[in-house]
2 protein chains.
Amino acid sequence: MISQTAEYALRAMVCLASRETEALPGHAIAQITQVPASYLHKIMKQLVSSELVSSQRGPSGGFRLTRPSSDISVLDVIMAVDPIKRISHCPLNLPEHAHSLCPLHRRIDDTIGQTCEAFSQTSLQSMVESLP
Amino acid sequence: MISQTAEYALRAMVCLASRETEALPGHAIAQITQVPASYLHKIMKQLVSSELVSSQRGPSGGFRLTRPSSDISVLDVIMAVDPIKRISHCPLNLPEHAHSLCPLHRRIDDTIGQTCEAFSQTSLQSMVESLP
DNA sequence: AGATATATAGATGTCAATATCCATTATGCT
DNA sequence: AGCATAATGGATATTGACATCTATATATCT
């Protein structure tokens with residue numbers, strides 16, 4: 001459903017949301033979220049470049065959210081690390097389906113849309129109790 | 001959202017649904033659905049062993065649905081080739097979450113549930129116009 | 001029985017996601 | 001200035017999904 005990478009990113013973001021004031025270093029996030037530290041760094045980089053998170057090097061540095069956790073959705077996080085792709089044209093490339101999806105892909109894409117909608121309506125704030 | 005394998009399986013099943021009486025050989029399904037023939041065989045084997053499809057060897061053999069297409073859902077097909085896994089316990093293994101999911105995983109699993117529900121309510125019959 | 005058409009089985013190859021490691025750069029502290 | 005802390009970047013495994021190939025078993029037809 002969602003990739004391992006997205007799962008890790010969400011854990012990290014919920015972790016940051018639960019400590020909104022401090023800057024948390026990567027190794028601390030890794031320990032709390034149980035994400036492999038070296039892989040987490042890759043993911044944090046993506047979150048920084050999509051501007052959901054800011055980073056600060058050096059002692060007492062680390063990561064923190066750029067926006068209030070109430071203003072970041074699960075979908076924001078997923079799209080930053082592992083974009084959900086909508087089906088915009090029928091993969092069979094049939095001429096009949098050039099301008100509207102066939103029923104099969106229409107149905108699948110509708111469901112993808114529902115999922116995006118559900119994830120966009122859940123903020124990080126509402127999940128803050130998730131981590132110790 | 002759904003794997004390539006599930007997408008292929010759905011195309012094959014819709015193809016069979018649109019020709020409910022005849023037995024279609026694998027190479028014909030592959031051509032119509034644009035699925036790589038040798039990989040399709042692997043998928044058909046899974047569909048046969050989950051009893052959504054029956055097979056017949058030899059000349060004028062092939063594959064056909066075991067049930068009316070109105071009685072097979074998209075979810076049936078997906079579960080046969082690439083089971084959607086529900087989240088039954090928090091992957092962090094925290095003692096606090098031993099018996100109920102944390103908000104993050106609760107939310108994700110609810111969404112998975114919605115998706116399953118949507119797919120279970122769509123029959124192959126309703127998508128028969130999908131293929132030539 | 002022989003020829004042909006078809007599914008089945010198993011071995012193997014390819015590639016992207018996942019994960020690790022090491023060197024480098026930036027920052028704050030004493 | 002020098003040291004410790006932390007992010008960043010790049011090279012390199014590892015793994016599982018996807019795909020291909022070849023050989024074999026089974027059925028139909030003449």
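Order of the sequence lines fixes the chain letters, A, B, ..., with proteins taken first and strands second; residue numbering starts at 1 for each chain.
Of all non-hydrogen atoms in A/Arg67 and A/Ile72, the two that sit nearest each other are O-CD1, 3.9 Å. Residues B/Ile29 and B/Met44 approach most closely at CD1-CE, 4.1 Å, considering heavy atoms. The two atoms that bring B/Phe63 and B/Leu16 nearest to each other are O-CD2, 3.4 Å, heavy atoms only. Residues B/Ile87 and B/Leu101 share a closest heavy-atom pair of O-CD1, 3.4 Å. B/Leu24 approaches B/Arg19 most closely through the heavy-atom pair CD1-CD, 3.5 Å.
Map B/Gly26 and A/Ala6 each onto its nearest nucleotide of DNA chain C; the residue landing nearer the 5' end is B/Gly26.
A nucleotide of DNA chain C counts as in contact with chain B when one of its atoms lies under 4.0 Å from a heavy atom; the first and last such, 5' to 3', are C/dT4 to C/dA11.
One interatomic measurement links the two molecules: CZ of A/Arg64 to P of D/dA6, which rounds to 13 Å at whole-angstrom precision. With rounding to whole Å, B/Gln46 atom CD is found 13 Å from D/dA19 atom C1'. Here D/dA11 presents its P atom at 11 Å from NZ of A/Lys45, a figure rounded to the nearest Å. Taking atom CG on A/Leu47 and atom P on D/dT8, their separation rounds to 11 Å, with Å as the unit. When the P atom of D/dG9 is taken as reference, atom NE2 of A/His41 falls 12 Å away, rounded to whole Å. With rounding to whole Å, A/Leu24 atom CG is found 11 Å from D/dA6 atom P.
Between the side chains of B/Thr5 and B/Asp82, no donor N or O sits under 3.5 Å from an acceptor N or O.
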Next on the checklist: For nucleotides 20-28 of chain D, give me one character per nucleotide, 5' to 3': B if any protein heavy atom sits under 4.0 Å from the base, S if the only such contacts are to the sugar-phosphate, - if neither.
Outcome noted: BB---BBBB
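When atom types are taken as modelled, the side chain of B/Thr66 and the backbone of B/Glu51 share a donor-acceptor pair closer than 3.5 angstrom. In this structure, B/Ser73 contributes its side chain and B/Thr122 its backbone to no donor-acceptor pair below 3.5 Å. B/Arg107 contributes a side-chain N or O that, together with a main-chain N or O of A/Ala118, makes up a donor-acceptor pair within less than 3.5 Å.
Within 4.0 Å of A/His27, counting heavy atoms only, lie sugar-phosphate atoms of the nucleic acid but no base atom.
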